[in-house]
Amino acid sequence: MTKTEKIINIAAKRGFFFPSGEIYNPIAGFWTYGHLGTLMKHNWEDLWRTYFLGLDTNYYEIEDVNIMNKKVFESSGHLENFKDPLVECKKCHNRCRADQLIEDEVDISTDGLKEKEMDELIKKHKIKCPNCGASEFGDVKWFNMMFDLKVGATGNDIVYLRPETAQSPFVAFKKEFLALREKIPMGLAVIGKAFRNEISPRQGFFRLREFTQAELQIFFDSDKIDECLEWNKVKNYKLRLYLVNNRKTKVITEIKCDEANKKLKLPKFYVYHLAKIQQFYFEILKIPKDKFRFRELSGEERAFYNKIHFDIELDLETLTGFKEVAGLHFRGDHDLSGHQKGSKEKHEVTIDGKRFIPNVLELSFGVDRNIWALMDLSFKEEKERTLFKFSPVISPIQVAVFPLLRKDKLPEKAKEIFNLLKEEFSTSYDETGSIGKMYRRMEEIGCNAMITVDHQTLKDNTVTLRDRDSMKQIRVKIKDLSSVLKKFFDNEKIEKLGKSVK
Ligand code: GAP
């Protein structure tokens with residue numbers, strides 16, 4: 001079994017996620033989060049929300065609908081530009097992405113290629129259909145990835161499922177700018193669903209047709225893009241950049257923010273947010289440094305609306321290398337100018353006597369991809385157990401409480417402790433197996449600390465506390481459990497927190 005299959009098996013068996021509507025023939029690219037996956041996803045979203053909305057007092061979250069007016073996407077450019085190259089096998093009629101088909105067979109980048117150039121490459125390299133092996137394809141055509149729907153009884157009005165959450169803050173900009181007393185920078189975040197009719201969502205849980213994005217749109221004055229109030233706090237902080245110029249050597253450049261600004265000519269406001277994103281991955285999500293990089297995108301690779309674009313990539317064994325989980329996009333005034341033109345409503349603002357259309361810096365994260373990445377990076381196989389080494393801030397269950405036996409009033413005492421801890425920690429109670437089996441089950445879902453109630457508990461009000469990673473156990477007084485757990489989750493070694501027991 002591959003690592004991907006092992007993770008997907010555990011995810012489905014234990015309630016992280018599984019293909020949606022599995023009792024029927026599931027449709028690729030749609031997944032259900034089970035109870036553990038939902039807890040973990042909420043943890044990730046809460047961390048993101050607290051961290052990024054905390055960057056400025058004028059950053060807020062809004063919530064919007066998923067179905068939007070066609071005019072939104074005429075103005076945003078998605079109707080015209082949001083497309084992938086599609087090719088169909090003449091024999092089995094399998095449809096796939098032409099660029100992926102070529103890149104899987106030939107070691108070249110297809111970025112910026114026209115339909116005809118892709119047709120020629122497919123013919124020249126005698127590329128075969130991944131489904132039936134035939135090598136005759138129709139012409140490459142562009143395929144718009146938005147899902148359309150009909151609204152109302154006449155069925156005449158076409159609407160679209162939003163392909164990015166970003167459009168919600170853009171169309172809400174005018175209202176929120178007034179409500180927030182006409183100040184910029186102003187940040188509007190959305191954590192919500194986005195929908196893309198991916199041609200071949202073949203990367204399991206990574207390329208989905210319905211997924212969650214966490215995006216923050218920062219509206220600011222582009223004349224101030226090289227200014228940053230917090231610059232001194234980050235200027236000596238080193239970023240891990242994979243620049244376009246490094247592609248041949250595959251080297252990651254470690255460069256101070258100040259140098260990124262002076263030598264690479266990246267504006268301070270942009271660099272500051274690179275630093276904050278990197279710190280989110282290192283300090284909050286505890287991603288190992290060597291697994292992280294920012295990948296610079298060239299002009300041909302960037303989305304149609306972006307002027308500066310670095311993707312956040314994590315090195316994932318299940319996907320054979322660095323893969324995109326988020327991006328930092330300088331979108332210029334593309335969005336507000338587009339909506340001003342399309343809606344005929346003025347989107348200009350006047351600040352200190354200056355009239356202008358705000359520009360947008362976008363922090364865009366795929367929540368599901370981040371969840372998959374954390375599962376990939378935390379998955380460990382040891383001699384007698386399989387486990388996820390999740391950090392306590394992300395674990396769906398932080399603490400598990402078990403009675404050693406299902407008799408002698410041990411379950412009653414264990415439930416008392418469970419009720420005590422569940423107010424403060426994500427806690428579960430289990431009594432359905434031998435203690436060894438219960439440990440293995442909890443380790444397999446990444447639970448950080450396991451508490452066992454035994455006969456000694458009834459005598460002296462102490463329990464054993466077991467560390468998932470080292471499997472070491474200590475004896476702790478029930479009245480101290482909460483403070484000991486807090487220190488333990490704060491990275492204190494278990495042996496420093498109590499008397500070791502076998
Ligand atoms: N608003 C900008 C935007 O949507 P994007 O690079 O197309 O930019 C942002 O998407 C993030 O959304 C990506 O970095 C990725 O994490 C996630 N994402 C995009 N397409 C996805 C898909 N088909 N399945 C899962 N996540 C996806």
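For the single chain, residues carry numbers from 1 onward in sequence order. Excluded from the calculations below are hydrogen atoms, water molecules and symmetry mates; all remaining heavy atoms, backbone and side chain alike, are included.
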Among all residues two or more places apart in sequence or in another chain, which pass the side chain to side chain donor-acceptor pair (under 3.5 Å) test with Glu300?
none

Side chains of [X] and [Y] in contact at under 4.5 Å (non-hydrogen atoms):
{"X": "Leu79", "Y": "Lys70", "value": "yes"}
{"X": "Asn359", "Y": "Phe220", "value": "yes"}
{"X": "Phe356", "Y": "Ile184", "value": "yes"}
{"X": "Phe388", "Y": "Ile7", "value": "yes"}
{"X": "Val393", "Y": "Asp46", "value": "no"}
{"X": "Phe322", "Y": "Ile252", "value": "yes"}
{"X": "Val234", "Y": "Cys228", "value": "no"}
{"X": "Val271", "Y": "Trp231", "value": "yes"}

Calculate, to the nearest 0.5 Å, the distance between atoms [atom1] and [atom2] belonging to [X] and [Y] respectively.
{"X": "Lys174", "Y": "Leu336", "atom1": "NZ", "atom2": "CG", "result": "11.0 Å"}
{"X": "Glu313", "Y": "Leu319", "atom1": "CD", "atom2": "CG", "result": "11.5 Å"}
{"X": "Lys183", "Y": "Asn58", "atom1": "NZ", "atom2": "CG", "result": "5.0 Å"}
{"X": "Leu374", "Y": "Ile394", "atom1": "CG", "atom2": "CD1", "result": "5.5 Å"}
{"X": "Leu121", "Y": "Leu113", "atom1": "CG", "atom2": "CG", "result": "6.0 Å"}
{"X": "Ile312", "Y": "Arg293", "atom1": "CD1", "atom2": "CZ", "result": "12.0 Å"}

Across all chains, not counting sequence neighbours, the ring pair (Phe, Tyr, Trp, His ring centres under 6.0 Å) partners of Phe18 are none

Any residue meeting ring pair (Phe, Tyr, Trp, His ring centres under 6.0 Å) with Phe195, in chain and number order, not counting sequence neighbours
none

Where is the tightest heavy-atom contact between [X] and [Y], given as atom of each residue plus distance?
{"X": "Asp290", "Y": "Arg240", "answer": "CA-NH2, 3.7 Å"}
{"X": "Asn197", "Y": "Phe143", "answer": "O-CE2, 3.2 Å"}
{"X": "Thr165", "Y": "Gly192", "answer": "CG2-O, 3.5 Å"}
{"X": "Phe137", "Y": "Ile127", "answer": "CE1-O, 3.3 Å"}
{"X": "Ile191", "Y": "Arg49", "answer": "CD1-NH2, 3.5 Å"}
{"X": "Ala134", "Y": "Cys89", "answer": "CB-SG, 4.3 Å"}

Under the 3.5 angstrom rule, does the side chain of [X] hit a backbone N or O of [Y] as a donor-acceptor pair?
{"X": "Lys265", "Y": "Lys262", "answer": "yes"}
{"X": "Asn306", "Y": "Arg302", "answer": "no"}
{"X": "Thr318", "Y": "Lys3", "answer": "no"}

Side chain to side chain contact (heavy atoms under 4.5 Å, CB included) assessment of Leu239 paired with Cys257:
CA-CA 7 Å; Leu239 301 168; Cys257 286; 4.0 Å; yes

Quick one: are the ring centres of [X] and [Y] less than 6.0 Å apart?
{"X": "Phe294", "Y": "Phe292", "answer": "yes"}
{"X": "Phe205", "Y": "Phe211", "answer": "no"}
{"X": "Phe365", "Y": "Phe52", "answer": "yes"}
{"X": "Tyr270", "Y": "Phe330", "answer": "no"}
{"X": "Phe425", "Y": "Phe489", "answer": "yes"}

Return yes if a side-chain donor-acceptor contact under 3.5 Å exists between [X] and [Y], otherwise no.
{"X": "Asn261", "Y": "Asp226", "value": "yes"}
{"X": "Tyr33", "Y": "Asp368", "value": "yes"}
{"X": "Asn246", "Y": "Thr253", "value": "yes"}

Identify the residue among [options] that makes a side-chain contact (heavy atoms from CB on, under 4.5 Å) with [X].
{"X": "Phe310", "options": "Leu266, Leu297, Ile277", "result": "Leu266"}
{"X": "Ile199", "options": "Asp99, Leu86, Val87", "result": "Leu86"}
{"X": "Met68", "options": "Ser168, Ser76, Pro163", "result": "Ser168"}

Under 4.0 Å between a side-chain nitrogen and a carboxylate oxygen: does that hold for [X] and [Y]?
{"X": "Glu198", "Y": "Arg209", "result": "no"}
{"X": "Glu254", "Y": "Lys289", "result": "no"}
{"X": "Arg295", "Y": "Glu324", "result": "no"}
{"X": "Arg247", "Y": "Glu301", "result": "yes"}

Enumerate the side chain to side chain donor-acceptor pair (under 3.5 Å) contacts for residues 328-344, please, sequence neighbours excluded, ordered by first and then second residue.
Glu164-Arg331, Gln167-His339, His309-His329, His329-Glu362, Arg331-Asp335, Arg331-Glu362, Asp333-Ser337

Which pairs pass side chain to side chain donor-acceptor pair (under 3.5 Å) with one or both residues in residues 115-133, sequence neighbours excluded?
Glu115-Trp142

Might you work through the side chain to side chain contact (heavy atoms under 4.5 Å, CB included) test for Trp372 and Ile8, ending with a clear yes or no?
CA-CA 10 Å; Trp372 178 264; Ile8 287 190; 3.8 Å; yes

Single hit among Glu210, Arg162, Lys193 for side chain to side chain donor-acceptor pair (under 3.5 Å) with Asn66
Arg162

Residue pair Tyr281, Val325: steps toward the side chain to side chain contact (heavy atoms under 4.5 Å, CB included) verdict:
CA-CA 11 Å; Tyr281 277 94; Val325 294; 3.6 Å; yes

Given the rule in the side chain to side chain contact (heavy atoms under 4.5 Å, CB included) test, do Asp223 and Lys354 qualify, once you have shown the distances and angles that lead to the verdict?
CA-CA 11 Å; Asp223 285 347; Lys354 194 174 116 189; 2.7 Å; yes

Give me the ring orientation class for Phe269 and His273: parallel if the planes are under 30° apart, tilted from 30 to 60°, perpendicular past 60°.
perpendicular

Which label fits Phe17 and Trp31: parallel for a plane angle under 30°, tilted from 30 to 60°, or perpendicular past 60°?
perpendicular

Which residue pairs pass the ring pair (Phe, Tyr, Trp, His ring centres under 6.0 Å) test when at least one of the two sits in residues 167-186, sequence neighbours left out?
Phe173-Phe177, Phe173-Phe219

Verdict with supporting geometry, Tyr237 and Gln279, side chain to side chain donor-acceptor pair (under 3.5 Å)
CA-CA 10 Å; Tyr237 180 73; Gln279 285 169 352; 4.5 Å; no

